[in-house]
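Structure first, commentary second.
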Amino acid sequence: MVSCQHIELDPATCPLEGTNLIEASAGTGKTHTIGSLVLRLLLEKALDISQILVVTFTEAATEELRERIRARLKDAFDAFADTRGSRDEFIDALIKKGTIARNTACFLLQEAIRRFDEAAIYTIHGLCARILTDHAFEMGQVFDAQLITEETHLLEKLAYDFWRKNVYPAHPGFVGVALDKKFLPSELVGLLGDIMKWPGLKILPEDTPGGLPDLGPLEAKFMEMKKAWPMWREEIRRILMSPDLKANRYGSLSKDRGRPSKREDMITLMFGQMDQWIARQWPLLPLFRHFEKFTARYLSESVKKGKDLQGNPFFELADEVYELFNRTQEQIGAYLVGLRAEFGRVALEELKKEKRHNNVRGYQDLILETVEALRGRGAGRIVASLRRRYKAALIDEFHDTDSLQYFIFTSVFGTGSRPLLLVGDPKQAIYAFRGADIFAYLRATSEVQRKYTLTTNWRSH
């Protein structure tokens, strides 16, 4: 582990070797700095334009980098060809350094501009696609796999199949609780998407979920309530309308201009819900909103101090159903957690099979397959080939990097004196845009040889 302090970056004089982290906020000229460093690599290291790898994270950013870097090359060529110097402070400083003759610089810059179509400026996924294509034989990969930009239809197919298999044959009571707890195909699609985005996460619990909770006792108590409700319905209404009950529990009894009291409104609502629930052939779960108000416990807590209110056996039955439901709901919740974990494991394997069968791969597959290749038996040959091709690497928007992408960069460029420059904003790494991993960023800060900052904000007034 390397420990180093941040220093202000001078792109004209900083060492072009080893691993370097350039931390900067938006507007401080990160893209301009990358163009400056590319110029120095071309002129001072005499690298070919195709030997300088520049990686960013979106197609739009890639196009902007290509345009900005090509413009810097043109500005530099004009400045070296004109003895009056340049209005660009960096290019002017480069000329005054005198480390390269003007005619040599003009030749190198002209060659870079002429062959700029060969510039190795990629998105991270574009780079991985290039690696997989160029080394398909060593990796045992197919040569003509189709890249799909949208995988939702594959994820939905797996989610709906799993959901139907586990929900359709289940007890209706289980289905009700499952739906209430958002155990839905759409939620499973989102879960699988997260697992794909963070492939290193351990899926818990690891055990296969046990059997469904037994709803028999709950059904038996429901049938008792079903028989008792018609018999005790009016008696229960009389008890709940008693003035001996606290107003804040069931509503007040005071009337306003001949309208029903708040208590009457509440009783009407509660009884309507109970009528519908009791009318079913099996207990619909979860329980309706005001079911607890029918329990003996809730009733006893609602009696005013010093008053004694006679109860009813129905309230005791409601107590037992309420307790049974809470216990059953907890068991179903645990079962659903196990189901989600099982889906995560099963779906990942099924997704791989589906993609192999259809000879397709998604963006995340490009990353995963590249990492697998760099960890596999042929990794040495692949790394050697990439190091022969690329003599330096600049990683733009490094704050959007996750641990797998960081592994790719460091596997190829993280050793020796080969320049690896990581450019990013640590504040943005916190928010995990585009699946960024703050821990990968923190790891990089502890492993680089030099850390720089850009402090001047060119967008501010």
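Computed from a prediction, not measured in an experiment: that's the story for all the values here.
Contact detail for G344 and I195: the closest heavy-atom pair is CA-CD1, 3.5 Å. Contact record, L336 with A178: CD1-CA, 3.9 Å, taken as the closest heavy-atom pair. Shortest non-hydrogen contact noted between R66 and A119 is NH1-O, 3.5 Å. In plain terms, the two heavy atoms of A159 and V189 that are nearest each other are CB-CG2, 3.6 Å. Residues L43 and I100 approach most closely at O-CD1, 3.4 Å, considering heavy atoms. Across all their heavy atoms, A61 and T56 have their closest contact at CB-OG1, 3.5 Å.
Taking 4.5 Å as the limit, every side-chain heavy atom of P426 sits out of range of all side-chain heavy atoms of H399. Looking only at side-chain heavy atoms (C-beta outward), C14 and L37 come within less than 4.5 Å of each other. Between P209 and E342 the shortest side-chain heavy-atom distance falls below 4.5 Å. Side-chain atoms of L404 and Q364, non-hydrogen and from C-beta on, do get closer than 4.5 Å to each other. The shortest distance between side-chain heavy atoms of T62 and Y122 does not fall below 4.5 Å. Looking only at side-chain heavy atoms (C-beta outward), V55 and L394 stay at 4.5 Å or farther from each other. Using a 4.5 Å cut-off on side-chain heavy atoms (C-beta onward), L65 and V54 make contact. Residues D134 and R389 form a side-chain contact, since some pair of their non-hydrogen atoms from C-beta on lies under 4.5 Å apart.
More than 12 heavy-atom neighbours from other residues, nucleotides or ligands sit within 6.0 angstrom of CD on E8. Within 6.0 Å of atom CD in E330, 12 or fewer heavy atoms from other residues, nucleotides or ligands are found, so the atom counts as exposed in its surroundings.
Note that CG of L285 is 11.5 Å distant from CG of L179, once rounded to the nearest 0.5 Å. In this structure, F294 CZ and L317 CG are separated by 13.0 Å, a value rounded to the nearest 0.5 Å. Here the straight-line distance linking atom CG of L348 with atom CE of M196 works out to 8.0 Å at 0.5 Å rounding. Rounding to the nearest 0.5 Å places CZ of F222 at 9.0 Å from CD of Q281. Note that the CG atom of L188 and the CZ atom of F162 stand 7.0 Å from one another [nearest 0.5 Å]. The structure places CG of L154 at 10.0 Å from CG of L192, a figure rounded to the nearest 0.5 Å.
Using a 4.0 Å cut-off between charged nitrogen and carboxylate oxygen, K30 and E397 do not count as a salt-bridge pair. One finds no salt bridge joining K182 and E187 here, because no Lys/Arg side-chain nitrogen approaches an Asp/Glu carboxylate oxygen to under 4.0 Å. The pair K353-E349 fails the salt-bridge criterion, with no side-chain N (NZ, NE, NH1 or NH2) lying under 4.0 Å from an Asp/Glu carboxylate O. Between D92 and R87 there is no salt bridge, since no side-chain N of the basic residue sits under 4.0 Å from a carboxylate O of the acidic one.
Side chain of D319 to backbone of R297: a donor-acceptor contact under 3.5 angstrom is found. In this structure, the side chain of K97 engages the main chain of A12 through a donor-acceptor pair within 3.5 Å. Judged purely by atom type and a 3.5 angstrom limit, T19 uses its side chain to pair as donor or acceptor with the backbone of Q449. Side chain of R418 to backbone of R387: a donor-acceptor contact under 3.5 angstrom is found. Of the possible donor and acceptor atoms, one in the side chain of Q51 sits under 3.5 Å from a partner among the backbone N and O of D48. In terms of modelled atom types and a separation under 3.5 Å, the side chain of K226 and the main chain of I278 share a donor-acceptor contact. Side chain of R40 to backbone of P11: a donor-acceptor contact under 3.5 angstrom is found. Distance alone, capped at 3.5 Å, places no donor-acceptor pair between the N358 side chain and the R356 backbone. Put simply, the side chain of W163 gets close to the backbone of F183: a donor and an acceptor are under 3.5 Å apart. Checking side-chain atoms of T401 against main-chain N and O of F398 turns up a donor-acceptor pair under 3.5 Å.
Using cut-offs of 30° and 60° on the angle between ring planes, the pair Y390 and F413 is tilted.
With F407 as the aromatic partner, R375 meets the cation-pi criteria of under 6.0 angstrom to the ring centre and within 45 degrees of the ring axis. With a 6.0 Å cutoff to the six-membered ring centre and a 45° limit on the axis angle, R280 counts as a cation-pi contact of W282.
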Residue pair D78, K74: steps toward the salt bridge (Lys or Arg N to Asp or Glu O under 4.0 Å) verdict: CA-CA 6 Å; D78 292 342; K74 182 66 169 59; 3.0 Å; yes

Could you give me the CA-CA distance, side-chain angles and deciding distance for Y406 and R443, then say whether side chain to side chain donor-acceptor pair (under 3.5 Å) is met? CA-CA 9 Å; Y406 181 63; R443 180 182 171 191; 5.1 Å; no

Stepwise side chain to side chain donor-acceptor pair (under 3.5 Å) test for E150 and Y363: CA-CA 9 Å; E150 180 56 63; Y363 282 123; over 6 Å; no

May I have the step-by-step check of side-chain contact (heavy atoms from CB on, under 4.5 Å) for K181 and Q329, ending in yes or no? CA-CA 10 Å; K181 291 185 174 294; Q329 182 174 239; 3.8 Å; yes

Can you list the steps and then say if I7 with T453 is a side-chain contact (heavy atoms from CB on, under 4.5 Å)? CA-CA 6 Å; I7 59 174; T453 58; over 6 Å; no

Full working for side-chain contact (heavy atoms from CB on, under 4.5 Å) between R361 and I148: CA-CA 6 Å; R361 58 163 66 110; I148 53 175; over 6 Å; no

One pair to check against side-chain contact (heavy atoms from CB on, under 4.5 Å): V412 and L386. What are the steps and the verdict? CA-CA 7 Å; V412 181; L386 292 171; 3.7 Å; yes

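A side-chain contact (heavy atoms from CB on, under 4.5 Å) with Y441 is found for one member of D400, L422, L21, D425 and no other, namely L21.
Between F288 and F291, the distance separating the two ring centers is shorter than 6.0 angstrom.
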